[in-house]
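To keep things clear, I will list the structure first and then write my remarks on it.
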2 protein chains.
Amino acid sequence: MDALFAAQQKLMPEMSELLKKRYQILQTISLEQPIGRRTLCEVAGATEREIRKETDLLRNQQLIQMKTAGMTVTSQGTEVLDKLKVFVREISGLTDMEVQLQAILGISKVVILPQDSDEIPAVKSHIGKEAARLLEGLFTRYKKIAVTGGSTMAAISKELSNGKPDRALQFIAARGGLGEDVLHQANTIAAAFAEKTGGSFKTLYLPDHLSAEAFEMMMKEPVIKEMMDLYDQTDVVVHGIGNAEEMAVRRHSSLEEVEKIRSGGAISEAFGYYFDKDGKIVYRIRTAGIQLKQVQKASTILAVAGGGSKARAILSYFKNAPNPTVLVTDEGAARKIIELIKKLEEY
Amino acid sequence: MDALFAAQQKLMPEMSELLKKRYQILQTISLEQPIGRRTLCEVAGATEREIRKETDLLRNQQLIQMKTAGMTVTSQGTEVLDKLKVFVREISGLTDMEVQLQAILGISKVVILPQDSDEIPAVKSHIGKEAARLLEGLFTRYKKIAVTGGSTMAAISKELSNGKPDRALQFIAARGGLGEDVLHQANTIAAAFAEKTGGSFKTLYLPDHLSAEAFEMMMKEPVIKEMMDLYDQTDVVVHGIGNAEEMAVRRHSSLEEVEKIRSGGAISEAFGYYFDKDGKIVYRIRTAGIQLKQVQKASTILAVAGGGSKARAILSYFKNAPNPTVLVTDEGAARKIIELIKKLEEY
DNA sequence: TCTAGCTGGACGTTTTTTGTCCCATTAAAT
DNA sequence: ATTTAATGGGACAAAAAACGTCCAGCTAGA
């Protein structure tokens, strides 16, 4: 970092935290605008008084404006956001952590966003936005994109900008699961991606859990076979990473399954596969969906997951993750991962 | 200024004041070390609590250390002072003001130091230090230096660093006045300069006010004549600028003299000359001392004066000041001068 | 027309800051 | 050797600021 900034922080140590806090608030407003005070409190994880104090200041500084519909960021505000982006990352030590994580996880690129999405819901949007930007950067080269479900994936779809539509883009639901909340399943996400980008989408309506016979039968259906072929041609895979047990519960897995997952020591889950602490596959849902081999064949894989609670899962999944994977995560998860690694090294 | 800093200040407007305050405290400690809390309060013009709060912070930041003898600046502290020097000047708008003043006063160089020496006594030391540094820069080229009296000049002598002694340096008392406080008269100052730099000094012990006859008589004395010759060879003149009336009072001038000064509309005083608002000479003390013509012949002239109360005097003196003059002043005086000029322009 | 969500005002209750002592200690001066 | 004047640190009541929390009035959109 610049020596001048170092000196500045030496003389004003409180500056760092203050800057981060205000930046985060301003950024959240920018993302959710127009947004009211109360709503902002919840989404930014702060008390009403605090939000009020800061937003009053931001208004006096002409960085935001307050209308009856809610608060909006002014042009000056977006400019400030833009100018300070790198700086905030720097003083949060995010750049350093990104390099560390790249080494730890053995992948070529990690993007870390400030704060912890477990504590501050708005961080999920920030992650979504960053992932959306990265994904958009791939659109010119790659057109066949497989997407999974989950709230993180939903956040990405929200942040995809409706730029010039690209009809060639094709979003493929990576799994046919109906176990989850409709808004967060792969099918819905694929549709949302397609709508935002002007592309098309392919869905797969099949329950996650099928008996062996039913499964075999279905796989012979032309509609399903077609999807299987698409998976083979996939250029990009975008997926979240979940905690094994949480996912099992959310999917209403049978007791038998839960037992397998538990006894196998499963920690993480991604596109229907359960991994243990060494990244070995413990169990996979018998479902129509993308296969691990097919994922590994993709040119680029975008793994998106944030929050301290996801740290162990991320670490587990990346033990054997394909090399071209890019991870988008947040500070909370990143710090926890580094902490876990340090503890491991001590023993 | 850098766009990044502008954005930073937009988001944290309180930063600017805070930085200036802490910097000033740290700088004062650096200048007066070792210094105790109480003493620092007086010299920095702040309450005990405030000083205490800030010094506690500075200590936690390892910029100063507290011993029983007083507070001292650590090596980190001096480094921070050094790094932030330009920055503090920038955010105080001093650089801008310097350019403005150069134009207003019609001279080539102005140096402005933060704060107002009327309010904060320590600022006088800062002015002294800056003037001392400038003067030291001239030592290699110029050896014959005429100095006047006054508390400002005394401040310079205090801040002259005892670097490698230069026996060739010669400090000449510009006037022989005995009217003032001994510590602040030209003779004492010349001696102090010489002691700090390892040079020699020439003094002139003659009362300021002499009858015409006595004056003529004395001028024929060889000791005096020698001084007069020295004035002709002077390379550098360092002088303060005073308020006319204040000086008259301090010098215990006769009623007759005071009347002349008053009726002439004298505003400023420098090396025994009194100037009115247009820079015209209203009166001069009949004394053995450097002549205005001799001052004008010098290669460099260093005028040093600070504090809002000196603004009018500075403006008055510089109406006709020699071009190669360099002015060292403070923010208080500078702002007041610019304010006065603005008012003048309005009418 | 109605309702949900927005801002701005208000106010009692903490929490922090502030002003002001005194005290033991130490280094210098007598 | 003794005094003196300065130092940092501790303490505490008073003042000020910050905080949590409510309500009123308004506006945009359903």
Side-chain angles (χ1 to χ4, degrees), chain A residues 11-15 17-22 24-74 77 119-122 125 158, chain B residues 11-22 24-74 76-77 119-122 125 158:
Chain A
L11 208 55
M12 300 189 297
E14 61 273 61
M15 184 191 76
E17 284 308 308
L18 193 63
L19 183 70
K20 280 196 272 181
K21 186 172 67 184
R22 294 213 179 128
Q24 196 247 329
I25 291 172
L26 186 58
Q27 194 182 25
T28 305
I29 296 173
S30 142
L31 228 48
E32 317 270 328
Q33 64 187 318
I35 185 175
R37 199 204 308 151
R38 316 295 188 82
T39 325
L40 185 57
C41 291
E42 287 173 22
V43 94
T47 66
E48 188 183 332
R49 253 268 152 262
E50 178 144 42
I51 286 292
R52 199 163 174 175
K53 192 179 60 177
E54 299 302 346
T55 51
D56 279 355
L57 183 135
L58 291 177
R59 179 180 45 184
N60 286 335
Q61 292 298 106
Q62 294 162 357
L63 297 175
I64 62 172
Q65 55 192 161
M66 287 170 169
K67 292 179 188 168
T68 54
M71 295 176 276
T72 334
V73 177
T74 65
E119 290 158 20
I120 300 168
S125 303
K158 270 187 203 152
Chain B
L11 208 55
M12 301 189 297
E14 61 273 60
M15 182 191 76
S16 171
E17 284 308 309
L18 192 64
L19 183 69
K20 280 196 270 182
K21 185 173 68 183
R22 295 212 178 129
Q24 196 247 330
I25 291 173
L26 186 57
Q27 194 181 25
T28 306
I29 297 174
S30 142
L31 227 47
E32 318 270 327
Q33 63 187 315
I35 186 176
R37 199 205 309 151
R38 317 295 187 83
T39 323
L40 184 57
C41 291
E42 287 172 23
V43 95
T47 65
E48 186 182 334
R49 253 268 152 259
E50 178 144 41
I51 287 291
R52 198 163 177 177
K53 192 178 60 174
E54 299 302 345
T55 50
D56 279 355
L57 182 136
L58 291 177
R59 179 179 46 181
N60 285 337
Q61 292 298 109
Q62 293 163 357
L63 298 174
I64 63 172
Q65 55 193 164
M66 287 170 170
K67 293 179 188 166
T68 55
M71 294 175 278
T72 334
V73 177
T74 64
Q76 274 191 70
E119 290 159 20
I120 301 167
S125 303
K158 269 187 204 152

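Protein chains get the first letters and strands the later ones, always in sequence-line order, with residue 1 at the start of each.
- As a whole-Å value, the separation of E54(B) CD from dG8(D) P is 16 Å.
- Atom NZ of K53(B) is separated from atom CD1 of I25(B) by 9.5 Å, given to the nearest 0.5 angstrom.
- Among residue pairs with one or both ends in residues 42-51 of chain B, those qualifying as side chain to side chain donor-acceptor pair (under 3.5 Å) are K21(B)-E50(B), R37(B)-E48(B); sequence neighbours excluded.
- Among the heavy atoms of the strands, none lies under 4.0 Å from L40(B).
- Atom pair E14(A):CD and dT17(C):P shows a separation of 11 Å (rounding to whole Å applied).
- Test L31(B), I35(B), I29(B) against V43(B) for side-chain contact (heavy atoms from CB on, under 4.5 Å) and you get one pass: I35(B).
- Residue I51(B) comes nearest to A44(B) through the heavy atom pair CD1-CB, 4.2 Å, listed as atom of the first residue, atom of the second, then distance.
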query: Using a cut-off of 4.0 Å between protein heavy atoms and nucleotide atoms, how would you tag nucleotides 13-21 of chain D 5' to 3' with B, S and -?
result: ------BBB

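- The shortest heavy-atom contact between G77(A) and L26(A) is O-CD2, 3.9 Å.
- In this structure, the CD1 atom of I51(B) is 11 Å from the P atom of dG8(D), given to the nearest Å.
- Proximity of E32(B) to L40(B): side-chain heavy atoms (C-beta onward) are nowhere separated by under 4.5 Å.
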Pairs of donor and acceptor atoms involving the side chains of residues 57-65 of chain B, under 3.5 Å and at least two apart or interchain, shall be tabulated with distances.
residue: R59(B); atom: NH2; partner: D56(B); partner atom: OD1; Å: 3.3
residue: N60(B); atom: ND2; partner: D56(B); partner atom: O; Å: 3.4
residue: Q61(B); atom: NE2; partner: K10(A); partner atom: O; Å: 2.9

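- Note that the CZ atom of R22(A) and the CD atom of E17(A) stand 12.5 Å from one another [nearest 0.5 Å].
- Taking atom CE of M66(B) as the reference point, atom C1' of dA27(C) lies 18 Å away to the nearest angstrom.
- The nearest whole Å value for the distance from the CD1 atom in I29(B) to the C1' atom in dG8(D) is 13 Å.
- Rounded to whole angstrom, the span from the CG atom of L57(A) across to the C1' atom of dG8(C) amounts to 17 Å.
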Polar pairs (N or O, both sides) under 3.5 Å between protein and nucleotides 24-30 of chain D?
residue: dT27(D); atom: O3'; partner: T68(A); partner atom: OG1; Å: 3.1

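- Proximity of T39(A) to the phosphate of dG5(C): no side-chain N or O atom is located under 4.0 Å from OP1 or OP2.
- The CZ atom of R38(B) sits 8.5 Å away from the CZ atom of R52(B) when rounded to the nearest 0.5 Å.
- One interatomic measurement links the two molecules: CD of E42(B) to C1' of dA6(D), which rounds to 12 Å at whole-angstrom precision.
- Here the CG atom belonging to L19(A) is positioned 6.5 Å from the CE atom belonging to M15(A), to the nearest 0.5 angstrom.
- By the side chain to side chain donor-acceptor pair (under 3.5 Å) test, S30(A) pairs with no residue at all, sequence neighbours left out.
- When the local axes at the two ends of the helix from dT1(C)-dA30(D) to dT30(C)-dA1(D) are compared, using 5 base pairs at each end, they differ in direction by 30° after rounding to 10°.
- Between the C1' atom of dT7(D) and the CD atom of Q65(B) lies a distance of 15 Å, rounded to the nearest Å.
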